[in-house]
Amino acid sequence: MTSSGQLNRDIVVRFAPSPNGLLHLGHAYAAMVAHDFARERGGRFLLRIEDIDQGRSRPEFVDAILADLRWLGLLWDGAVIFQSDRWDSYAAAVERLKSMDMLYRCFCTRASMRQIQEGGSPAEGPDGPIYAGTCRHLDRALAEQRARTEPHSWRLDIAKAMARTGPLDWVDERHGKQIVDAGKLGDVVIVPKDMPVAYHLAVTLDDARDGISHVVRGDDLFASTDVHRVLQALLDLPTPVYFHHPLLLDESGAKLSKSRDSASLSVLRMAGHDGYELVQQLRRNIFPVGISLS
Ligand code: GLU
């Protein structure tokens with residue numbers, strides 16, 4: 001509710017962590033921004049656990065996320081949502097994209113892609129170096145035959161997709177209106193070799209399904225939003241408003257990350273620190289020594 005106590009049913013915001021590690025200060029900041037965005041406007045704040053990567057997701061990390069958010073005083077509305085409850089909807093969307101002929105099989109391995117990239121330096125897309133398109137025009141019958149024995153992913157043919165959708169744009173409340181530029185995306189993976197669905201498709205479907213009006217998340221996902229906008233257009237889904245917030249950086253200017261072992265919230269919580277006070281400081285842009293905002 002707003003300070004005047006009014007509920008605004010049109011505002012729905014989510015925090016969507018992946019339970020593949022312990023949350024750190026950057027997550028506390030992200031959760032605070034999304035939570036406050038919803039509450040200041042009288043909207044709802046949802047928690048969605050993005051556990052599609054079953055190889056890396058762990059129940060103990062889910063437990064830690066819930067405990068961390070409660071400790072921070074960032075409480076969500078309704079039941080916790082789990083992506084792992086939604087495999088059927090992801091599979092249905094994959095089938096729909098295939099029947100629209102928007103996806104193709106890709107047999108490239110990391111090593112073969114690195115080799116191709118050594119010839120030139122491809123621009124960076126949302127998922128790293130832009131894919132060279134090696135498998136885009138493989139003979140279909142041959143691809144089907146190879147698929148019987150070779151692991152493969154499915155990629156979105158972005159040029160074909162945009163030829164179908166026409167020009168697209170989206171609005172970011174912080175960065176302004178954005179025009180989708182297919183040249184900066186490349187053919188992103190929609191179904192990875194070892195997972196039923198990739199982040200881009202799952203998050204796009206879920207934001208629609210959960211009625212998210214405003215996607216509030218970090219600038220690290222800014223480049224991905226063009227992909228999500230294309231998928232929304234292909235699958236007749238609504239386009240939320242976006243708000244990509246700045247990131248917390250360490251002394252070397254790198255964003256805090258699970259893999260860099262940034263101090264976890266659980267450690268602070270269990271050492272008896274005051275989570276509510278921590279969030280109050282983040283709200284005032286007061287950060288621990290060496291940490292700054294991008
Ligand atoms: N699950 C993603 C992450 O933990 C965030 C997804 C999103 O906010 O769109 O990085």
Side-chain angles (χ1 to χ4, degrees), residues 12-38 44-58 61-62 64-66 68-69 72 74 76 80-86 90 93 125-128 170-175 178 185 188-190 192 195-232 237-249 254-260 262 264-266 294:
V12 186
V13 180
R14 78 331 189 253
F15 177 54
S18 304
N20 51 22
L22 293 172
L23 300 189
H24 53 64
L25 204 61
H27 294 107
Y29 183 78
M32 177 276 288
V33 174
H35 168 273
D36 289 6
F37 189 103
R44 284 165 56 77
F45 175 60
L46 307 185
L47 174 61
R48 187 170 67 225
I49 301 292
E50 302 215 320
D51 55 352
I52 47 172
D53 187 345
Q54 293 279 289
R56 294 171 66 214
S57 295
R58 299 264 180 280
F61 292 137
V62 175
I65 290 170
L66 306 188
D68 288 343
L69 290 175
L72 294 167
L74 302 174
W76 58 94
V80 180
I81 300 160
F82 289 86
Q83 287 194 318
S84 56
D85 287 338
R86 295 178 164 180
Y90 306 142
D127 298 336
W170 51 277
V171 173
D172 185 292
E173 277 200 7
R174 192 168 147 250
H175 299 284
Q178 308 295 319
L185 303 179
V188 293
V189 171
I190 295 296
M195 273 163 58
V197 65
Y199 158 71
H200 297 302
L201 181 58
V203 84
T204 304
L205 291 168
D206 285 339
D207 284 337
R209 180 166 171 165
D210 298 331
I212 302 301
S213 64
H214 293 74
V215 172
V216 179
R217 62 183 173 199
D219 271 340
D220 50 339
L221 292 167
F222 184 83
S224 295
T225 306
D226 273 1
V227 178
H228 306 169
R229 182 67 189 91
V230 174
L231 291 171
Q232 287 155 7
L237 301 172
T239 302
V241 174
Y242 289 84
F243 182 95
H244 290 90
H245 60 73
L247 303 173
L248 291 194
L249 306 179
K255 79 168 180 145
L256 305 186
S257 76
K258 292 169 185 160
S259 53
R260 289 169 63 91
S262 305
S264 76
L265 298 178
S266 304
S294 62

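Whatever order the structure lists ligands and atoms in, that order sets their numbers, starting from 1. Both backbone and side-chain heavy atoms feed into the values below; hydrogens, waters and symmetry mates do not.
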Are any of the side-chain heavy atoms of V203 and H228 separated by less than 4.5 Å?
yes

Which atoms of ligand 1 sit under 4.0 Å from any heavy atom of L221?
5 (C), 6 (C), 7 (C), 8 (O), 9 (O)

Purely on distance, is any nitrogen or oxygen of P17 under 3.5 Å from one on ligand 1?
no

So for F15, does at least one of its heavy atoms come nearer than 4.0 angstrom to any atom of ligand 1?
no

Tell me, please, which residues at least two apart from F61 pass ring pair (Phe, Tyr, Trp, His ring centres under 6.0 Å).
none

Taking 4.0 angstrom as the limit and counting only heavy atoms of A16, give me the atoms of ligand 1 inside it, by number and element.
1 (N), 2 (C), 3 (C), 4 (O), 5 (C), 6 (C)

With rounding to the nearest 0.5 Å, note down the distance linking NE2 in H27 to CG in L256.
9.0 Å

So among T239, L231, V227, V230, which one has a side chain to side chain contact (heavy atoms under 4.5 Å, CB included) with T204?
L231

If you count the atoms of ligand 1 from 1 in the order shown, which ones are under 4.0 Å from a heavy atom of V203?
9 (O)

Ligand 1 contact on V215 by region, counting heavy-atom pairs under 4.0 Å:
neither

Here the atoms of ligand 1 under 4.0 Å from any heavy atom belonging to E50 are 1 (N), 2 (C), 5 (C), 6 (C)

Does ligand 1 have any atom that is closer than 4.0 Å to a heavy atom of H27?
no

Distance check, rounded to the nearest 0.5 Å: S84 atom OG versus Q54 atom CD?
5.5 Å

With W170 via ring pair (Phe, Tyr, Trp, His ring centres under 6.0 Å) - residues at least two apart
F222, Y242, H244

From D206 atom CG to I52 atom CD1, the distance as rounded to the nearest 0.5 Å:
8.5 Å

With a cut-off of 4.0 Å, which atoms of ligand 1 are near a heavy atom of R217?
7 (C), 8 (O), 9 (O)

List ligand 1 atoms under 4.0 Å from R14, heavy atoms only on the residue side.
7 (C), 8 (O), 9 (O)

